[in-house]
Protein chains: 2
Amino acid sequence: MKRTRTTVIDIARAAGVSKSTVSLVLQGSPLVNEATRARVSAVIRDLGYVYNRSAANLRQAKSAIVGIVVNDLTNSFFAELAVGMDMVVQSAGYVQFLANTGESIDRQREVIASMREHGIAGLILSPARGTQVSDLKPLVESGIPVVLVVRNLPGARVSSLLSDNYAGTSQAVEHLIGLGYKRIAFMGGYADTAVFEERVRGYRDALAKAGLHSGGEFVFNSAPSRAGGVAAVEKMLLHAERPTAAVCFNDAVAFGVCDGLRSARMEPGVDFGIVGFDDVIEAKTAVPALTTVSVDPQGMGQRAAQLLLKQINSEKVEPETQTLSVRLVVRESCGIKKHVQDREEYA
Amino acid sequence: MKRTRTTVIDIARAAGVSKSTVSLVLQGSPLVNEATRARVSAVIRDLGYVYNRSAANLRQAKSAIVGIVVNDLTNSFFAELAVGMDMVVQSAGYVQFLANTGESIDRQREVIASMREHGIAGLILSPARGTQVSDLKPLVESGIPVVLVVRNLPGARVSSLLSDNYAGTSQAVEHLIGLGYKRIAFMGGYADTAVFEERVRGYRDALAKAGLHSGGEFVFNSAPSRAGGVAAVEKMLLHAERPTAAVCFNDAVAFGVCDGLRSARMEPGVDFGIVGFDDVIEAKTAVPALTTVSVDPQGMGQRAAQLLLKQINSEKVEPETQTLSVRLVVRESCGIKKHVQDREEYA
DNA sequence: TGACAAATTTGGAACGTTCCAATTAACTGT
DNA sequence: ACAGTTAATTGGAACGTTCCAAATTTGTCA
């Protein structure tokens with residue numbers, strides 16, 4: 001039961017050296033004699049000393065904290081993403097503030113401000129819907145490196161790490177076309193995000209390239225969630241000329257679409273082809289196993305963290321945007337089980 | 001582009017007051033005159049001042065950081081748990097270190113040490129498997145409140161928030177018995193954890209109360225994961241007197257059991273009754289929808305955070321353990337569709 | 001051995017805040 | 001207008017570390 005915490009001075013006194021020497025030992029400086037280092041280290045252990053980082057980085061204005069802000073941690077895509085970041089951040093000796101905004105811009109603002117006060121060395125942000133470039137302004141102006149993931153923020157002079165959305169949905173559409181599907185919808189997502197725009201563009205261009213009509217009437221907006229998928233299906237079913245397959249904004253939507261189909265007595269993967277996006281962990285084991293565009297969230301998280309750390313350690317912060325390539329994982333939700341053509345007839 | 005960051009002294013100079021007054025304004029003290037407060041606040045805004053918490057809690061040894069350490073963030077149960085904590089922590093004006101141990105004790109130790117150096121005000125821990133009471137020793141001795149969640153650590157003098165595992169599996173068994181099942185297994189989980197012990201005890205006692213045999217031969221250990229569930233089924237199928245239903249260690253195992261049954265050409269919910277534990281988000285929408293013991297992870301996270309904050313704000317840290325009640329959510333995986341008795345005949 | 005270089009150690013000043021005690025300003029009521 | 005309050009304000013001295021320049025010890029070589 002200590003009245004006051006043990007400090008570097010206590011160590012110094014106990015080891016018979018000056019506090020400067022103790023400090024040197026603490027940061028593993030090569031300047032200190034092996035014998036004294038050993039002695040001091042022993043005392044440090046014995047007294048149960050705990051280093052005070054607040055004091056340290058008050059002096060040296062350099063913290064070992066990175067901020068990570070994601071928009072929806074309950075979505076397993078983002079959870080995996082966070083885990084990937086966590087891995088490299090921790091093994092680099094940093095510690096992370098991880099906050100969830102739940103798509104709330106206000107919360108995002110608060111959280112970033114708070115992190116700034118705590119002196120983060122850098123920030124990885126998966127921005128909430130509606131984030132403005134100006135929200136990052138003060139941060140980048142004060143020279144704190146920022147890495148955007150998953151969602152881009154055109155115009156912000158920061159690094160970003162995005163998946164190749166365009167290629168992803170293109171491949172998905174091509175796959176469906178190859179299977180014989182002709183009326184292919186795009187389901188889920190809100191129209192005002194960059195990610196949505198890219199994915200829809202990939203979808204449209206692939207349709208156009210195949211000479212299929214690509215009017216706007218086949219994209220059904222909805223929340224990018226399971227519930228959103230259900231809603232999208234309902235809208236879809238009211239449509240005069242029903243689509244027979246869909247590429248979905250993400251896996252959550254795709255699962256919702258399955259739910260919605262089932263309650264309309266349709267069998268996903270048999271009566272209707274479905275492609276997701278993200279390849280979340282459940283995609284493999286769901287029934288039917290989801291054909292989806294795989295983006296390896298954990299790997300993406302790692303890459304993002306590495307990028308951030310690189311920027312933290314280099315003097316000049318040079319914005320840099322990387323695109324993560326993506327691949328289609330074919331499973332069962334598009335009906336690999338033949339006679340797709342047949343179904344297309346009476347669909 | 002500031003050479004040096006703007007400090008409370010810059011503000012003071014610009015507003016024509018002393019740094020003490022600025023400090024008072026910063027912490028919203030009622031001692032300062034309304035007019036000066038306004039003036040100072042304006043200057044603060046204009047100069048783009050950012051508060052330096054490191055400096056502050058160097059002086060006052062009181063941080064607004066809580067540490068949250070969970071053992072598996074990729075499991076959506078824990079992700080939801082973290083989100084629940086995040087909510088109350090953030091709205092209380094705290095910020096959180098959130099770290100994932102991935103069941104690694106070493107990583108857990110590192111992470112806790114690091115958090116301690118950063119001066120956390122309290123810690124919420126969902127301990128990794130094999131955590132020792134001694135791992136928390138230094139923390140509690142230095143007077144930092146700790147709240148354990150999900151998994152207990154008998155002997156540690158810290159608060160904890162657990163779900164009522166015993167009642168959960170008891171209810172599950174009673175439900176199955178009520179449906180006519182007689183040979184009921186317990187599947188998944190490792191025997192050396194407190195949670196497992198409680199759940200199995202609930203299972204055994206409920207069987208005994210119903211006068212059914214409750215030998216050890218019907219519990220099948222495995223990893224508490226989807227893969228573990230598959231493994232458990234395989235063991236189960238080799239068993240001479242096959243069970244006809246199972247209560248599973250958690251939902252992940254339950255899903256694995258479904259997978260395993262299917263590859264043995266059995267239909268989960270029809271040929272075999274299954275109850276899960278946790279009620280993860282997918283339980284509702286899986287096929288068949290999983291009957292499971294619901295524990296509301298998000299609510300649990302909130303409760304845990306509230307408990308921790310209470311302890312942080314009270315002088316005396318009085319360990320307190322709360323048990324979260326639990327309820328059985330009946331869905332389709334036990335075959336609500338009658339004639340259970342019949343099946344039991346030839347099973 | 002003396003001189004010089006290298007290796008090691010060391011006091012103080014700083015970092016940006018809060019606290020304390022003390023000072024000054026602004027009100028009271030008579 | 002004056003003493004007595006009360007309201008506002010304010011200089012230092014902390015907090016625990018790191019940095020710097022300077023001091024001390026040790027080693028080397030002629």
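Below, chain A is the first sequence line, B the second, and so on; all start at residue 1. Keep in mind that the numbers below use all heavy atoms, side chains included, and drop hydrogens, waters and symmetry copies.
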Exercise for the section: Spell out protein contact along nucleotides 7-15 of chain C as letters: B when the base is contacted, S when just the sugar-phosphate is, - when no protein heavy atom is under 4.0 Å; keep the 5' to 3' order. Expected result: -SSBBBBBB

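- Phosphate proximity of C:dC19 to B:Q27: present, with a side-chain N or O under 4.0 Å from OP1 or OP2.
- At least one side-chain heavy atom of A:L307 sits less than 4.5 Å from a side-chain heavy atom of A:E320.
- In this structure, the side chain of B:Q108 engages the main chain of B:A128 through a donor-acceptor pair within 3.5 Å.
- Computed from coordinates, the B:N57 CG to C:dC19 C1' distance equals 15 Å when rounded to whole Å.
- With no hydrogens or angles considered, a side-chain donor-acceptor pair links B:Q27 and B:S23 at under 3.5 Å.
- For residues 299-309 of chain A, the pairs satisfying side chain to side chain donor-acceptor pair (under 3.5 Å) are A:R303-A:Q322, with sequence neighbours left out.
- Rounded to whole Å, atom P of D:dC19 lies 12 Å from atom NZ of A:K62.
- Per the geometry, OH belonging to B:Y51 stands 7 Å off C1' belonging to C:dT17, to the nearest Å.
- With rounding to whole Å, B:R53 atom CZ is found 11 Å from C:dT17 atom P.
- Going from atom CD1 of B:I11 over to atom C1' of C:dG16 covers 12 Å, rounded to whole Å.
- For residues 87-100 of chain A, every residue pair satisfying the side chain to side chain donor-acceptor pair (under 3.5 Å) rule, not counting sequence neighbours, is listed here: A:D86-A:Q90, A:D86-A:Q96, A:Q90-B:R107.
- Using a 4.0 Å heavy-atom distance criterion, B:T7 is classed as a sugar-phosphate-only contact.
- Shortest non-hydrogen contact noted between B:R116 and B:S142 is NH1-OG, 3.3 Å.
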